[in-house]
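One structure is given here, and the rest of the page talks about it.
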Amino acid sequence: MIDHNDSRPQSDRDDASLDEARLRQQAIGVKLRQMFDQVVNEPVPDDFLDILRRADERKGGA
Amino acid sequence: MGLLARLAPHLPYVRRYARALTGDQKTGDNYVRVALEALAAGERSLDDKMSPRVALYHIFHTIWCTTGAQLEGDEMVTGAPDEAARRLLKIAPRSRQAFLLTALEGFTPSEAAQILGGDVGEVERLIAEAQAEIDAELATEVLIIEDEPVIASDIEALVRELGHTVLDVAATHNEAIDSVARKRPGLVLADIQLADGSSGIDAVKDILARFDVPVIFITAFPERLLTGERPEPTFLITKPFQPETVKAAIGQALFFHPVRAREAA
């Protein structure tokens with residue numbers, strides 16, 4: 001099931017190992033998203049929105 | 001369109017990224033705040049060539065990498081709230097960014113390159129480096145409970161490819177118990193139906209009664225695990241399996257497993 005005598009060119013093997021790394025990282029990413037669900041669902045701190053709102057007002061009033 | 005309208009939808013996600021990157025919400029929020037203030041003061045501006053989300057992350061990135069990345073120390077790693085957060089902080093800053101931008105935030109390598117101010121080739125290299133660091137961090141000793149020699153040797157080979165050590169291959173419930181009595185594995189990969197008619201589920205239950213260890217069942221009979229008999233915490237992979245699937249499950253199981261609880265048990 002696992003190819004120990006890989007005869008493909010080096011660049012193909014690099015691509016394959018990069019694809020595999022990305023697949024394995026996505027498996028971790030899915031769980032990280034669950035872990036940080038609460039951060040995404042909680043309200044953004046008011047002062048973040050205030051900073052942007054004030055900047056827009058200054059621009060609009062200028 | 002104003003800054004508020006363009007950026008508000010992306011703020012929850014940049015906060016998540018900042019939290020994952022710095023290991024702490026308060027610290028992460030501080031960098032987001034500084035980035036927003038720089039935008040508001042006109043010291044930075046959203047790059048029109050980028051989507052608003054990419055441009056926001058790019059500004060956050062320039063702020064964080066001139067200050068935050070330089071200030072990281074070991075105390076941040078040891079003070080992290082849980083195992084996964086601690087493992088994230090152990091990845092070198094730039095590889096950690098490439099990893100989180102693609103795997104957590106869902107950016108393409110080309111978007112990640114725009115955010116990091118690099119090119120796609122560099123992002124791919126960083127992703128590979130992050131994987132090498134994760135693999136080294138997760139390397140452990142594995143017990144394989146599997147009675148079919150061909151499958152056992154396939155599993156052994158892929159476990160070794162990931163940099164793990166194979167402690168034992170047990171073909172029966174009793175062999176598995178004897179093995180863990182000699183040495184505790186850091187991961188168990190278990191078949192369900194074993195050679196002498198014994199059950200891999202029972203073997204795993206006995207092991208978990210002694211100590212905490214992540215378990216991945218690899219079986220042609222998944223229904224036997226879905227009938228309420230499944231011990232926790234466990235992962236399930238159906239035979240015939242794709243090696244990549246097993247590798248992804250191993251990484252996931254180990255990355256999120258609390259090491260301290262295992263050592264304390």
Side-chain angles (χ1 to χ4, degrees), chain A, chain B residues 2-8 11-13 15-17 19-20 25 28-29 32-33 36-37 39-42 82 84-85 87-88 99-100 102-106 109 124 127-128 130-132 134-135 150-151 153-155 157-158 161-162 240-245 247-252 255-256:
Chain A
M1 194 156 270
I2 289 167
D3 192 355
H4 296 286
N5 299 306
D6 202 329
S7 58
R8 292 170 298 165
Q10 182 67 40
S11 61
D12 284 5
R13 260 176 291 160
D14 287 350
D15 285 351
S17 79
L18 183 66
D19 285 348
E20 193 186 289
R22 293 199 62 195
L23 187 78
R24 283 156 58 196
Q25 291 179 15
Q26 276 160 17
I28 293 172
V30 166
K31 291 272 283 183
L32 285 175
R33 276 199 286 277
Q34 289 172 10
M35 198 170 114
F36 294 124
D37 242 4
Q38 193 209 330
V39 181
V40 172
N41 291 322
E42 72 192 14
V44 169
D46 287 338
D47 65 319
F48 285 15
L49 302 172
D50 287 342
I51 293 168
L52 297 176
R53 199 172 288 122
R54 280 200 307 273
D56 284 341
E57 281 164 8
R58 273 202 303 276
K59 242 186 169 174
Chain B
L3 284 175
L4 182 65
R6 270 186 291 172
L7 298 184
L11 293 178
Y13 300 100
R15 287 187 74 222
R16 170 178 68 188
Y17 173 62
R19 156 83 168 266
Q25 192 66 62
D29 278 348
V32 175
R33 187 173 292 110
L36 295 177
E37 278 165 352
L39 258 174
D82 58 44
R87 288 195 168 116
L88 285 174
F99 163 61
L100 289 172
T102 52
L104 173 64
E105 299 300 320
E124 290 180 342
I127 288 172
Q131 193 58 50
I134 292 169
D135 286 346
V150 175
I151 295 175
S153 92
D154 279 347
I155 295 173
L158 75 83
E161 268 182 57
L162 291 174
F241 58 80
Q242 297 291 320
E244 315 78 80
T245 312
K247 287 180 176 178
I250 290 175
Q252 199 188 55
F255 198 89
F256 292 93

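Throughout, protein chains are lettered first and strands after them, A, B, ... in sequence-line order, and every chain is numbered starting at 1. These numbers were taken from a predicted model, which means no experiment stands behind them.
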Exam field: side chain B:Gln252 to backbone A:Lys31, donor-acceptor pair closer than 3.5 Å: no
Separation between CD of B:Gln25 and CZ of A:Phe36, rounded to the nearest 0.5 Å: 8.5 Å
Where A:Met35 and B:Ala84 come nearest, the two heavy atoms and their spacing: SD-CB, 3.8 Å
A:Arg33: partners by side chain to side chain contact (heavy atoms under 4.5 Å, CB included), with sequence neighbours left out: A:Val30, B:Arg16, B:Leu104
Gap separating the CZ atom of A:Arg54 from the CG atom of B:Leu36, nearest 0.5 angstrom: 11.0 Å
Nearest-0.5 Å distance that lies between atom CD1 in A:Ile51 and atom CG in B:Leu39: 10.0 Å
Spacing of B:Glu105 atom CD and A:Leu32 atom CG [to the nearest 0.5 Å]: 10.0 Å
Contacting region of A:Asp37 [heavy-atom separation from chain B under 4.5 Å]: neither
Among A:Leu23, A:Asn41, A:Asp47, residue most engaged with chain B (heavy-atom pairs, under 4.5 Å): A:Asp47
Side chain, backbone, both or neither of B:Ala20 within contact of chain A (heavy atoms, under 4.5 Å): both
Region of B:Asp135 in contact with chain A, defined by heavy-atom distances below 4.5 Å: side chain
Contacting region of B:Ile151 [heavy-atom separation from chain A under 4.5 Å]: neither
Any residue meeting salt bridge (Lys or Arg N to Asp or Glu O under 4.0 Å) with A:Glu20, in chain and number order, not counting sequence neighbours: A:Arg24, B:Lys247
Contacting moiety of B:Ile134, where chain A heavy atoms sit under 4.5 Å: side chain
Segment of B:Ala130 engaging chain A (4.5 angstrom heavy-atom cut-off): both
Sidechain-backbone polar pair: B:Arg15 side chain, A:Pro45 backbone, donor-acceptor under 3.5 Å: no
Test item: A:Asp56 side-chain N/O and B:Gly2 main-chain N/O as donor-acceptor pair under 3.5 Å: no
Max heavy-atom pair count under 4.5 Å with chain A, selected residue of B:Leu7, B:Asp29, B:Leu100: B:Asp29
Flag if over 12 foreign heavy atoms under 6.0 Å of OH, B:Tyr13: no
Pairwise distance CG(A:Leu49) to CG(B:Leu4) - rounded to 0.5 angstrom: 6.0 Å
Minimum heavy-atom distance A:Ala55-B:Leu3, with the two atoms named: CB-CD1, 3.9 Å
Contact summary for A:Gln25 and B:Ile127, nearest pair of heavy atoms: NE2-O, 3.0 Å
B:Gln131 vs A:Ser17 side-chain heavy atoms within contact, under 4.5 Å: no
Side chain proximity check, A:Val44 to B:Pro12, heavy atoms < 4.5 angstrom: yes
Region of B:Phe99 in contact with chain A, defined by heavy-atom distances below 4.5 Å: both
Atom pair CD (B:Glu124) and CG (A:Asp15), whose distance is rounded to the nearest 0.5 Å: 7.5 Å
